[in-house]
Amino acid sequence: MDRISIVGGQPLHGAIPISGAKNAALPLMIASLLTRDTLILDNVPRLADVSLLQRILNNHGVDVMLNGKRPGDTAYQGQTLHLSAAGIVDTKAPYELVSRMRASFWVIGPLVARMGEAKVSLPGGCAIGTRPVDLHIQALQNLGAEIEVDAGYVIARARNGLRGGEIAFPKVTVGGTHTALMAASLAQGTTVIENAAREPEVADVADCLNKMGAKITGAGTSRIVVEGVPQLSGARHTVLPDRIETGTFAIAVAMTGGDVLLEGGRPELLQTALDVLAQAGAEIAATNAGIRVARNGAGIAPVDVATAPFPGFPTDLQAQFMALMTRANGTSRITETIFENRFMHVQELARLGARIQLDGETATIEGPSRLTGAPVMATDLRASVSLVIAALAAEGETMVHRVYHLDRGFERLEDKLSACGAQISRISG
Ligand code: EPZ
């Protein structure tokens, strides 16, 4: 298993190209199940989760063609996927695949909408909490699907097709909103989704579905209206830039000091996080080429934050921000309101010298801590990258184990950081 070695203490200087968003690319790939025509996606990041989803879609009969680098492309240019679900050969998504990547549960919406049935394994818990799928099921039931849960599988049936309906989510759910959108696109009649997730990835998927012929309005707000259509066609769509990758590198620069241009980063996708970073002492400037983040001289100020659905502070940046707060000049509090168990990084940060107290959903971080390198273990994607950020400011060498978690969601992390002066390298095997 690969490890990553980091020797801390170097400020970051230069430019980092931002990749396409993992959390948009995955549902966009799943949307290919809705049509027999070809869906072409540009700017798809090179990630382990994207490769795994290709295999999962293959299993349903989707033909996936990959156009890698073309002459003139840089090493960071995203890949182009051609996905063609002309014939769906299997409407079952087995446990072995769904348990490896939770988002693959989302195939349930398009499969039942187009094929009238789907049998998808319950994903089970994961490192960041229990993560139920009851709201996906409720959404499909509101569109007329009959649901049965048997032997660890959710079986959804709609022999005569889905019907438009009212879906009022009791809680904001990104995945539930994707399921509702995709299923409602092929339902008969109009669907209204209330308390919909406003995340930019939802708006990106809706944008692509509209290019495929769907009739969706209001995506990006909490009320989305979908007028069902009998069928969707192919389209070409470019995945939006990854706001979590952008925020992660912005935090890394705030941590180490220096001056970096996050190429292609779009401030409106992470304004709350950028405001919080500015309060912590980073200088942030929007430019035509992306977002410039700098921190020179002055130390890091403590800032209290609570995670919230978009446009709030994203849960996917909570661990990284906690790493930064270990070096702040004072005490800060971070409250996690989205997932109940997303503090797996706390014990590993403590191994590097952080002082963090947990009390229910709130972590109190006493800064500034002198961080020193140590062997640490990655537990999930965002937790792992928080260890990398802490290691960039630690004295001596940190070895991050189980980096396959990082590879699920960060494209060439070590290359991007080392190009800006970090001492970071991957040790294979
Ligand atoms: C998406 O997960 C993202 N994943 C997550 O990114 C992200 O952390 C999360 O949204 C919140 O922003 C992808 O886009 C692939 P939710 P999702 O449904 O859709 C509860 C990363 O590191 N809930 O918005 O699964 C749930 O338990 C990741 O890239 C139910 O109760 O999250 C949580 O408390 C990890 N019942 C809350 O809602 C349901 O049926 C929000 O979850 C569904 C969710």
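Indexing begins at 1, ligand by ligand and atom by atom, following the structure's order.
The shortest N or O to N or O distance between Ala103 and ligand 1 is not below 3.5 Å.
Contact atoms of ligand 1 toward Lys22: 21 (C), 29 (O) (distance under 4.0 Å to a heavy atom of the residue). Every atom of ligand 1 with a heavy atom of Thr315 under 4.0 Å away is listed here by number and element: 8 (O), 11 (C), 12 (O). Taking a cut-off of under 4.0 Å to the non-hydrogen atoms of Arg342, the atoms of ligand 1 that pass are 8 (O), 22 (O), 35 (C). When each atom of ligand 1 is checked for a heavy atom of Gly175 under 4.0 Å away, the hits are 18 (O), 19 (O).
Look at Glu146 and Arg157 and you find no salt bridge, because none of the NZ, NE, NH1 or NH2 atoms lies under 4.0 Å from a carboxylate O. Between Asp316 and Lys22 no salt bridge is recorded (no basic side-chain N to carboxylate O distance below 4.0 Å). One finds no salt bridge joining Glu336 and Arg342 here, because no Lys/Arg side-chain nitrogen approaches an Asp/Glu carboxylate oxygen to under 4.0 Å.
By the 4.0 Å heavy-atom criterion, Gln138 is excluded from the residues contacting ligand 1. Ligand 1 is approached by Val172 to a heavy-atom distance shorter than 4.0 Å.
Residue contacts with ligand 1 for Arg408 are absent, since no atom lies close enough (heavy atoms, distance under 4.0 Å).
Residue nearest to atom 33 (C) of ligand 1, selected from Val205, Leu135, Ile338, Leu381: Ile338 (by heavy-atom distance). Considering Lys171, Arg382, His136 only, the shortest heavy-atom separation from atom 20 (C) of ligand 1 involves Lys171.
His136 and Phe105 have perpendicular rings, their planes meeting at more than 60° on a 0 to 90° scale where under 30° would count as parallel.
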